[in-house]
Amino acid sequence: MKIPLIILITVLTTLNIFSQDVTGEWNGMLKFQGVQLRLVFNISKTDSGYSATMDSPDQGAKGIPVTSVSFEDAVLKLAVSSAHIEYEGIFKENLIVGNFKQAGQSFPMNLSKEKIEKQKTARYQEPKQPYPYYSEEIKFENEKDNILLAGTLTLPKKEGNFPAVILITGSGAQNRDEELLGHKPFLILSDHLTKNGIAVLRFDDRGTAGSEGDFKKATTADFATDVEAAVNYLQKRKEINKKKIGLIGHSEGGMIAPMIAQRSGDISFIVLLAGTGIPGGRLLQLQQELIGKVSGVNEADLQKTLTLSKGAYDIVSKSTSSENLTTDLTNYIRPAIKDNSAFQKPPGISEDDFVKLQVDQLTSPWMQYFIKYDPAPALEKVKCPVLALNGAKDLQVPATVNLEAIKKALEKGGNKKVTIKELPNLNHLFQECETGSPAEYAKIEQTFSPIALEEIMKWILNQVK
């Protein structure tokens, strides 16, 4: 019997759709402005349809709930309302071809059952193995929070007794190399110092890469206890000169180093790389203003946004109750969205979701602590030698105002062993740059200015003679 063509096509199409199993682990790579960000969707079948979670391995995030999942006529749709993420793709031969959307922006991203590895960017400054020194993978415990932290200890030689430094990362979940936008500044800094006789311990932030703990619930003060655990670890190593242990902190790490040095006699010196000298709320205002100007934001709109941001930071600074803070910020931000053209929500996001996103960011433990924290009191109590360096084109921690504040606080405390330097043409990452805009970071081939590396090395060698 001959089957009519139209019926045959219908049967084959139906079989093809039923053979498309969308459950399981789907891997994608999001690419934008030189950044590679892996995303994983874990899809399961339920009685009523599908459910899913999302992982972001490069940000140390797992099990993020996917709000809605649908799969009809070979079209997969996913939404993560908490992050204002949408994904839509078409199932084609075990590959889902689609687009990732967030906050009104759209990027092509395909999903596959195969594991996806980042394309390795060979920055010319990165050292190549075998290294001309001893390198050891280590773990140490933060007994206060009962977590194990993973890192790398490099020694000029396997045997000996060496001065040492601990590298402290900046804000955000960072691995031991402080890897960002294809750059590994701490790998390069560690290599340079170890080749010149300094032992270096660098480690993954809590909850990141090989380290235990919950990064999202931690504040700068919590990260300081991780560094103190690293100091305790070094003091137990026979290869380390216990009287010559220093700290090098970058950005937020430059806040943490004085916190530890002012309460510990075990710190021989500290180096602040783009460290902060002013309260967090004021720093965020300056960041917003300088980055807005270099990005070409209209001056009138920028001033309106700055005024609104200042109001929000003031609310956080004065708050003593988390519950009241959420209510106060919601009541402040909602009318601002409606009444101010400079504070518009992106398209595709409901007003309620956008307000919640702003409030959630401002009420996170880390942000509350950062906005309220003034580094001056800790700096005033630091008695060990201090080197403070900053790039003249740093838009995230503006050089002049922060270096002046650091110097003033140290002098107020009577510390005369202070070296302050503003390095020309360097940005927040200590790269030679054009404007200092964060948009340049990934595009610049240089990871760490050789001039800055030499400044750090020579000063430390002078301290450990």
Let me confirm one number: the CZ-CG distance from Phe100 to Leu78, rounded to the nearest 0.5 Å. 10.5 Å
Does the side chain of Asp226 come within less than 4.5 Å of Ile147's, by heavy atoms? yes
Whether the Trp366 and Glu252 side chains hold a donor-acceptor pair (N or O, under 3.5 Å, no angle test) is what I'd like checked. yes
Consider only side-chain N and O atoms of Tyr369 and Asp222, and report whether a donor and an acceptor are under 3.5 Å apart. no
Tell me, do Val227 and Phe203 make a side-chain contact under 4.5 Å, heavy atoms counted? yes
Please tell me if the side chains of Phe186 and Phe448 come closer than 4.5 Å, counting only heavy atoms from C-beta onward. no
side-chain contact (heavy atoms from CB on, under 4.5 Å) for Val418 and Glu411? Distances and angles first, verdict last. CA-CA 8 Å; Val418 178; Glu411 288 179 346; 6.0 Å; no
Under a 3.5 Å threshold, yes or no: a donor from one side chain and an acceptor from the other, between Gln431 and Gln446? no
The single option from Val165, Thr152, Val200 passing side-chain contact (heavy atoms from CB on, under 4.5 Å) against Ser190: Val200
Just how far is it from atom CG of Leu273 to atom CZ of Phe430, taken to the nearest 0.5 Å? 4.5 Å
Taking Ser437 for its side chain and Ala439 for its backbone only, find out whether a donor-acceptor pair lies under 3.5 Å. yes
Nearest heavy-atom neighbours spanning Ala376 and Ala409: O-CB, 3.9 Å
Donor on one side chain, acceptor on other, His183 and Gln125, under 3.5 Å: no
When rounded to the nearest 0.5 angstrom, what is the spacing between CD1 in Ile85 and CG in Leu39? 7.0 Å
Any chance the side chains of Glu136 and Tyr134 put a donor and an acceptor closer than 3.5 Å? yes
If we count only N and O atoms by modelled type, under 3.5 Å, do the side chains of Glu178 and Thr169 hold a donor and an acceptor together? no
Can a donor-acceptor pair be found, under 3.5 Å and without considering hydrogens, that links the side chain of Thr276 to the backbone of Met255? no
Smallest separation among heavy atoms of Pro398 and Leu290, with atom names: CG-CD1, 3.4 Å
Evaluate the side-chain contact (heavy atoms from CB on, under 4.5 Å) criterion for residues Phe269 and Ile460: first the C-alpha distance (whole Å), next the side-chain angles of each, then the deciding distance (0.1 Å), finally the verdict. CA-CA 8 Å; Phe269 59 87; Ile460 291 177; 3.7 Å; yes
One should read off an interatomic distance between Met367 CE and Asp360 CG, to the nearest 0.5 angstrom, of 12.0 Å
Does Tyr131 offer a backbone N or O that forms a donor-acceptor pair with the side chain of Ser135 under 3.5 Å? no
For Phe162 and Lys157, which heavy atoms make the closest approach, and how far apart are they? CE1-O, 3.4 Å
Around atom CD1 of Ile451, are there more than 12 heavy atoms of other residues, nucleotides or ligands at under 6.0 Å? no
Quick check on Lys407: does its NZ atom have over 12 non-hydrogen neighbours (other residues, nucleotides or ligands) under 6.0 Å away? no
Within the 6.0 Å centroid threshold, strictly below: Phe107 and Tyr87: no
Do Gln303 and Glu299 have side-chain atoms, one donor and one acceptor, less than 3.5 Å apart? yes
Criterion salt bridge (charged side-chain N to carboxylate O under 4.0 Å, His left out) on Lys318 and Asp314, from CA distance to verdict: CA-CA 6 Å; Lys318 296 172 184 176; Asp314 287 345; 5.4 Å; no
Hey, mind stepping through Glu212 and Arg206 against salt bridge (charged side-chain N to carboxylate O under 4.0 Å, His left out) and telling me if it holds? CA-CA 5 Å; Glu212 298 175 351; Arg206 62 167 65 192; over 6 Å; no
Do Asp204 and Gln174 have side chains that approach each other closer than 4.5 Å (heavy atoms only, starting at C-beta)? no
Output yes when a side-chain donor or acceptor of Asn161 lies under 3.5 Å from a complementary backbone atom of Ile240, and no otherwise. yes
Would you say that Gln235 contacts Asp266 through its side chain, given a criterion of any heavy-atom pair below 4.5 Å between the two side chains? yes
Hey, does Ile270 have a side-chain heavy atom less than 4.5 Å from the side chain of Pro258? yes
CG/Leu429 to CD1/Ile444 distance, rounded to the nearest 0.5 angstrom? 8.0 Å
Step by step, would you call Lys293 with Glu289 a salt bridge (charged side-chain N to carboxylate O under 4.0 Å, His left out)? CA-CA 6 Å; Lys293 285 181 177 179; Glu289 181 177 11; 3.3 Å; yes
How long is the span from the NZ atom in Lys383 to the CG atom in Leu410, to the nearest 0.5 Å? 9.0 Å
Would you tell me whether Glu228 and Ser264 have side-chain atoms, one donor and one acceptor, within less than 3.5 Å of each other? no
Check whether any side-chain heavy atom of Glu126 lies under 4.5 Å from a side-chain heavy atom of Asp191, and answer yes or no. no
Full working for side-chain contact (heavy atoms from CB on, under 4.5 Å) between Lys421 and Leu403: CA-CA 8 Å; Lys421 287 192 177 183; Leu403 289 178; over 6 Å; no
Ring geometry between His428 and His250 (parallel below 30°, tilted from 30 to 60°, perpendicular above 60°): tilted
On a heavy-atom basis, which atom in Gly277 and which in Pro375 lie closest, and how many Å separate them? C-CG, 3.5 Å
Distance-only, no hydrogens or angles: does the Lys458 side chain make a donor-acceptor pair with backbone N or O of Ile456 under 3.5 Å? no
Asn142 and Thr225: side chain donor to acceptor below 3.5 Å: yes
Please walk me through it: do Asp177 and Arg202 pass side-chain contact (heavy atoms from CB on, under 4.5 Å)? CA-CA 7 Å; Asp177 295 329; Arg202 63 192 199 274; 2.9 Å; yes
Counting C-beta onward and ignoring hydrogens, is there a side-chain heavy-atom pair between Ile248 and Leu272 closer than 4.5 Å? no
